[in-house]
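Quick caveat: nothing in here was measured; it's all calculated off a predicted structure.
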Amino acid sequence: MTELKLPEINRVLLSGRLTRDPDHRYAADGTEITVLALAFHRHYRGRDGKLAEHTGYVTVMTYQRLAQVCAQYLKKGSAVLVEGRLQMRESQTPQGGARQRIEVRGESVHFLEKLPPPPKDETSLF
């Protein structure tokens, strides 16, 4: 019997709001990283016919130029649309056990709200 070959698809598309200000930092090799804490909502009709809502939370990791732009323009409460892929991060607990986390590696972040205008330079005539 031949082995079933599955397509290698790993795409995520989420919209929501940031639950806190972006966490901007640098990796040991100098790569810029910005961590976004995203809340997303799902509205649906339950079995009883009543409207219900479910809220979920996910960590979004952005890197390099995207990380720089996200850190500069986003803040707690900003509405975004994130395109990316799932990635798994493994770490050790203080007790020596293994811990795994699934997060989204953001490849594109669309700002869904108008950005505030840049501050005017006081020396400018315009």
Worksheet item: When rounded to the nearest 0.5 angstrom, what distance separates CZ in F40 from NE2 in H54?
Response: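 Output value for this atom pair is 6.0 Å.
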
Worksheet entry | Hphob cluster co-occupancy, M88 + V60, side-chain heavy atoms under 4.5 angstrom |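 Yes, same cluster.
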
Go through the structure and list residues passing side chain to side chain contact (heavy atoms under 4.5 Å, CB included) with [X], not counting sequence neighbours.
X: L6; value: L4
X: L51; value: R45
X: T93; value: Q95, R99
X: L18; value: P22, L36, L38, L74, S78, V80

Considering only residues two or more places apart or on different chains, which pairs with a residue in [range] satisfy ring pair (Phe, Tyr, Trp, His ring centres under 6.0 Å)?
range: residues 75-108; value: none
range: residues 85-111; value: none
range: residues 6-35; value: H24-Y26

Would you say that [X] contacts [Y] through its side chain, given a criterion of any heavy-atom pair below 4.5 Å between the two side chains?
X: V104; Y: V82; value: yes
X: Q87; Y: R105; value: yes
X: D21; Y: D23; value: no
X: L66; Y: V109; value: yes

Fill in: Under the ring pair (Phe, Tyr, Trp, His ring centres under 6.0 Å) test, residues paired with H41 that sit two or more places apart
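Result, ring pair (Phe, Tyr, Trp, His ring centres under 6.0 Å) vs H41: none returned.
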
Item to complete: Quick one: list whatever passes salt bridge (Lys or Arg N to Asp or Glu O under 4.0 Å) with R17, sequence neighbours left out.
Response: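 So R17 forms a salt bridge (Lys or Arg N to Asp or Glu O under 4.0 Å) with E113.
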
Worksheet item: What salt bridge (charged side-chain N to carboxylate O under 4.0 Å, His left out) pairs are there with at least one residue in residues 73-93, not counting sequence neighbours?
Response: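 Only R85-E107, R89-E103 qualify under salt bridge (charged side-chain N to carboxylate O under 4.0 Å, His left out).
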
Practice prompt. Of all the heavy-atom pairs spanning T34 and A71, show the shortest one and how long it is.
Written response: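 For T34 and A71, the tightest heavy-atom pair comes out as OG1-CB, 3.6 Å.
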
Worksheet item: For L112, what are the other residues in its hydrophobic cluster, where any two members join if their side-chain heavy atoms are less than 4.5 angstrom apart?
Response: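 Joined to L112, directly or through intermediates: L13, L81.
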
Worksheet item: Going by side-chain heavy atoms closer than 4.5 Å, which hydrophobic residues are tied to M61, directly or by a chain of links?
Response: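 Direct or chained contacts put M61 with I33, V35, Y63.
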
Worksheet item: Crowded around R101 CZ? As in, over 12 foreign heavy atoms under 6.0 Å?
Response: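 Incorrect, the count does not exceed 12.
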
